[in-house]
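Below is one structure, written out as structure tokens; the observations come after it.
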Amino acid sequence: MVKARRNVEAKLVPLVDCLKEATDKGRLNLNNVVADWVNLSAYTMALVNGANLRRVSEIYERITEIKNKYSEKQIVLFTKALEILGDLHERQTKDWLGQLTGVASLTENKDGQVFTPDHVAQLMSELVNTTSDVQETVSDPCCGTGALLLGHIARVREKDSKQSIRMHAVDLDRTALLCTFIQCGLHGVNGVFIVGNTLTNEVYETFYSAPIYY
């Protein structure tokens with residue numbers, strides 16, 4: 001198992017504890033539970049936002065496959081975990097799932113990955129000049145779990161809470177990309193999220209996000 005990159009912030013502990021509870025007292029591996037929760041959350045959001053109509057049958061099938069692995073109580077915990085994540089983003093827009101997946105050894109340090117620290121994401125967002133009232137597309141060709149994009153969302157929404165934002169995100173790591181999709185989706189971002197290789201232009205899977213809440 002890869003060593004976790006850092007301890008989680010105190011604010012994230014309820015989310016971690018909720019997912020630990022879903023392991024059924026350790027009977028299930030936490031890494032696998034977190035991975036299934038990320039997938040289930042992403043598929044559910046893809047279904048709800050109405051922007052993935054061509055994949056509805058496939059998405060329903062994937063959701064059913066994951067739910068069949070867990071009890072009703074565990075599925076309730078998954079729902080609660082997503083609500084906790086939503087509350088965290090209500091309070092502060094940042095890469096919460098980057099910390100979570102680091103603890104579960106699902107992303108960072110795998111295959112040489114190093115994700116952007118929050119303070120660097122904040123600095124980069126300040127350096128990007130987006131003063132236009134016209135909707136602009138912000139692209140991250142190796143988005144990881146979304147730190148840079150979330151930093152941009154935080155800065156833009158600080159100036160105008162209703163500002164429309166469009167994202168184009170790509171990452172080779174599917175779990176990381178789904179984390180970006182989930183977290184940007186919680187902020188009503190309109191965009192395209194691609195599991196793929198930016199260097200070779202290979203596309204393996206695409207998720208679309210529509211502005212549900214804004």
Open item on the list: Count I, L, V, M, F, W, Y as connected when their side-chain heavy atoms are under 4.5 Å apart, and connections chain through other members. Are Val76 and Leu19 then in the same cluster?
Closed with: no
Task: Sub-4.5 Å side-chain heavy-atom contact between Met45 and Leu186 - done: yes
- [ ] Using a cut-off of 6.0 Å, state whether more than 12 heavy atoms not belonging to Arg91 lie near its atom CZ.
- [x] yes
Task: Hydrophobic cluster membership, Ile63 vs Leu53, 4.5 Å side-chain cutoff - done: yes
Open item on the list: With heavy-atom distances below 4.5 Å as the criterion, would you say the side chains of Asn39 and Arg174 are in contact?
Closed with: yes
Task: Rounded distance [0.5 Å steps], NZ in Lys69 versus CD in Glu65 - done: 9.0 Å
Open item on the list: Through direct or indirect side-chain contacts below 4.5 angstrom among Ile, Leu, Val, Met, Phe, Trp and Tyr, which residues connect to Val203?
Closed with: Val170, Val192, Ile194, Tyr208
Side-chain polar contacts of residues 77-85 - donor-acceptor pairs under 3.5 angstrom, sequence neighbours left out - could you list them?
unit_1, atom_1, unit_2, atom_2, d
Thr79, OG1, Ile75, O, 3.2

TODO: State, with a plain yes or no, whether a side-chain heavy atom of Val16 is found less than 4.5 Å away from one of Val13.
DONE: no
Task: Atom pair CG/CG of Asp140 and Leu149 - distance to nearest 0.5 Å - done: 4.5 Å
Task: Distance-only polar pair, side chains of Asp95 and Gln183, donor-acceptor under 3.5 Å - done: yes
TODO: Report, as yes or no, whether the 6.0 Å neighbourhood of atom OH on Tyr60 holds more than 12 heavy atoms from other residues, nucleotides or ligands.
DONE: no
Task: Donor-acceptor pair, side chain of Ser41 and main chain of Val38, under 3.5 angstrom - done: no
TODO: Measure the shortest side-chain to side-chain distance between Trp37 and Leu100 over non-hydrogen atoms and say whether it is less than 4.5 angstrom.
DONE: yes
Open item on the list: So does Phe207 get a backbone contact from the side chain of Arg55, meaning a donor-acceptor N/O pair under 3.5 Å?
Closed with: no
Open item on the list: Show the nearest heavy-atom pair for residues Leu28 and Ala22, with the distance to one decimal.
Closed with: CD1-O, 4.1 Å
Task: Donor-acceptor contact present, side-chain Asp171 to main-chain Gly144, <3.5 Å - done: yes
Task: Cationic N near anionic O, under 4.0 Å, Arg62 to Glu58 - done: yes
Task: SG-CG distance between Cys142 and Asp173, expressed to the nearest 0.5 angstrom - done: 12.0 Å
Task: Between CG on residue Asp24 and NZ on residue Lys73, distance to nearest 0.5 Å - done: 7.5 Å
Task: Pairwise distance CG(Asn49) to OG1(Thr44) - rounded to 0.5 angstrom - done: 11.0 Å
TODO: Give a yes or no on whether the backbone of Ala46 and the side-chain of Asn52 come within a donor-acceptor separation of less than 3.5 Å.
DONE: yes
Task: Backbone N/O of Leu12 and side chain of Gln99: donor-acceptor pair under 3.5 Å - done: no
Open item on the list: Are the side chains of Lys94 and Leu150 in contact, using a 4.5 Å heavy-atom criterion?
Closed with: no
- [ ] Go through the steps for Thr23 and Asn29 under the test side chain to side chain contact (heavy atoms under 4.5 Å, CB included), then give the verdict.
- [x] CA-CA 7 Å; Thr23 66; Asn29 183 281; over 6 Å; no
Open item on the list: If I compare all heavy atoms of Thr180 with all of Thr145, which pair ends up nearest, and what's the gap?
Closed with: OG1-C, 3.0 Å
TODO: Please name the pair of heavy atoms, one in Thr101 and one in Thr175, separated by the smallest distance, quoted to 0.1 Å.
DONE: CG2-CG2, 4.5 Å
Open item on the list: Are Tyr70 and Asp36 packed together at the side-chain level, in the sense that at least one heavy-atom pair is separated by less than 4.5 angstrom?
Closed with: yes
Task: Inter-residue atom distance His89.NE2 - Ile182.CD1, 0.5 Å rounding - done: 9.5 Å
TODO: Mind listing the closest non-hydrogen atom pair of Phe181 and Ser209 along with its distance?
DONE: CE1-CB, 3.9 Å
Task: Expected output: side-chain Arg157 to main-chain His187 donor-acceptor under 3.5 Å - done: yes
